[in-house]
Amino acid sequence: MVADLLRLKLTLLRNSLRRSPWQLVGLGIGALYALGIVGVAVAGLLLLRQAEIATAQTVVVLGGAAAVLGWAVIPIVASAADLTLDPARFTTFAVPMPQLLAGLALAGLIGIPGASTALVALATVGTWSRGLPAVAGALVGAVLGVLTCVVLSEVVTAGTVGLASSRRFKDVSGVAFLIPLVLMGPIVAGVARGIAGSAGFVAELARFLEWTPAGAAWALGGELAAGHYGAAALKLLIALASLAGLALCWKVLLQRALVTPPFAGTAKKKTSGLGVFGIVPATPTGAIVARSLTYWLRDPRYAGALVVVPLLPVLLLFQASRTGFYGILLFVGPLAAFLLAWSISSDVSYDSTAFALHVSAGVRGLHDRLGRAVACLVFALPVVLAFSVIPLFFTGEWALLPGILGLSLGVLFSGLGLSSVVSARYTMPVPLPGESPFKKPPGNVAQTLAVQFGGMAVLLLLVSPEVALVVLQLAGGGPVTGWICLGVGPVLGIALFAAGVRLGGKWFDARTPELLAQLAVNR
């Protein structure tokens, strides 16, 4: 039965790759990326064979504990997790519980994460190849450590399956996961600086983790290499007891899942009023504004773009603290304007097959383009104005305020006009409604990159007058140049906005059937 489950996992994986050659390409790219990381980790572990036992023990234990933590956290935040062997699918099959547990645990090793973890864990045997007892302890520890990672992941997945079936939980967790991802640079730099300044704390942390379920298995090789057989025996008992406890928890959760599978439906909620539709004017453009604002508020794919914008000041402040040039904070407003304006360049692509409602309702292109752009302006304009003014409280360069405001408004309005044209002409592969914002669907990567970089280049050309005026003021042109930019930016930006909405509307009317056909293909 265990072999049947493993063959089933391999068959499902093979069939999923046959759906599209792009999925095979994606798997190859992921495998190469993982192979590079694994190669670096394995090489480092082998080099540790020449290091002192205490140093090697610290690195191995901390790395193993980090792997255990990763396997515990990823199932919570990854709403697009692999569910090819979802336990709920075995509800109608009389699979004995021991065989089911063993089969699902071993099947968890099939895939890039499982194989990578197993290879790096086995490399610790090379780290402790300093004698037969140390090699045996490292091998046993690697097996126990990898099994602990897999079983812990299954326990977390089974324990949160009720939450994972909730659309709201998946949306919130997916967007929340984006925050540390965007701040990865400052976080890694801060941790590295803290470790460099407190090497003693790192060693103490490793010694503490050795006596916990997260690090006991990874410490066996080091203890035997140092001749601490009593400590190795105690840590072996901790590792075995931890694995047994996790297996027992998984068995209980799995039995509950097989008897009462989670309900994946949606509960009926009482609603009153029309929401945003009751606020906007009852016009075609107003209806598009309300619909777009509803998407911005409730669709995690849109919310992902909004999460990045508030983090811009943090990223630029981190960069300024490293370089000592705090003048970079002045460009928070223009950068936010660019991100928010360019976010609607794939608006039609995010509609997916729901775009058929626009086709069947006979929505005019002018109303569609204007409605989507105005919906973005509702929150983009206050954000851009705030981000253009607030940094000046820290830099004190108030003479630059008119120029920065003119540049920010010019980028915002010009970008919205350009995005209105781009989204009416091109569609791009994006995550489908309800999917994780992190999912990268297969598609024409070359065309997508060409559209994105080409659009950025055109936008830079459109706002070149404002950029030139700001550069001239920074070079000593005086405050008059900034005031000229404040006049040129909004006027030129609004003119380009109107032109882009009209041109995009004409293309929208002419290409509506083609857009719908392309969206159906991308699905």
Side-chain angles (χ1 to χ4, degrees), residues 1-13 64-65 67-111 113-118 121 139-166 169-170 173 209 211-218 220 233-264:
M1 185 59 69
V2 175
D4 292 334
L5 290 174
L6 295 178
R7 281 194 296 268
L8 177 60
K9 173 73 178 217
L10 291 172
T11 302
L12 291 172
L13 179 61
V68 173
L69 178 63
W71 278 81
V73 173
I74 290 177
I76 300 177
V77 298
S79 57
D82 180 17
L83 295 177
T84 52
L85 292 185
D86 184 5
R89 298 181 179 181
F90 297 93
T91 303
T92 58
F93 297 91
V95 181
M97 184 58 64
Q99 286 87 339
L100 182 59
L101 290 173
L104 293 178
L106 294 177
L109 296 175
I110 298 177
S116 301
T117 304
L139 182 59
V140 173
V143 173
L144 291 177
V146 172
L147 288 178
T148 300
C149 290
V150 175
V151 175
L152 178 60
S153 174
E154 297 290 351
V155 170
V156 173
T157 302
T160 59
V161 68
L163 290 175
S165 62
S166 168
F169 174 80
K170 291 192 292 185
S173 63
L209 291 174
W211 296 99
T212 66
W218 309 104
L220 295 180
L234 290 176
K235 291 175 182 179
L236 177 60
L237 290 177
I238 294 175
L240 290 172
S242 302
L243 182 58
L246 289 173
L248 180 60
C249 292
W250 185 22
K251 178 181 178 181
V252 172
L253 293 171
L254 189 58
Q255 287 175 336
R256 183 193 305 173
L258 293 175
V259 175
T260 57
F263 175 67

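In this text, all values refer to a predicted model and were calculated from it rather than measured experimentally.
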Query - Heavy-atom check, side chain of V156 versus side chain of W71, under 4.5 Å - result: no
Query - Within residues 233-247 or reaching into it, pairs that qualify as side-chain hydrogen bond (donor to acceptor under 3.5 Å, both in side chains) - sequence neighbours excluded - result: E210-K235, E223-K235
I need the minimum non-hydrogen distance between [X] and [Y], along with the two atoms involved.
{"X": "A72", "Y": "L152", "answer": "CB-CD2, 3.6 Å"}
{"X": "C149", "Y": "W218", "answer": "SG-CZ2, 4.5 Å"}
{"X": "V146", "Y": "A121", "answer": "CG2-CB, 3.4 Å"}
{"X": "A239", "Y": "A216", "answer": "N-CB, 4.1 Å"}

Report task. Go through the structure and list residues passing side-chain contact (heavy atoms from CB on, under 4.5 Å) with L236, not counting sequence neighbours. Result -> V140, L144, L220, L240
Report task. Just jot down the side-chain contact (heavy atoms from CB on, under 4.5 Å) partners of L209, sequence neighbours excluded, or say none. Result -> V61, L62, A65, L205, T212
Query raised in the report: Quick one: does T117's side chain have a donor or acceptor within less than 3.5 Å of a partner on P113's backbone?
Result: yes
**Report entry** Contact list for residues 139-151, test salt bridge (Lys or Arg N to Asp or Glu O under 4.0 Å), sequence neighbours left out
**Finding:** none
**Report entry** For T148, all residues meeting side-chain hydrogen bond (donor to acceptor under 3.5 Å, both in side chains), sequence neighbours excluded
**Finding:** none
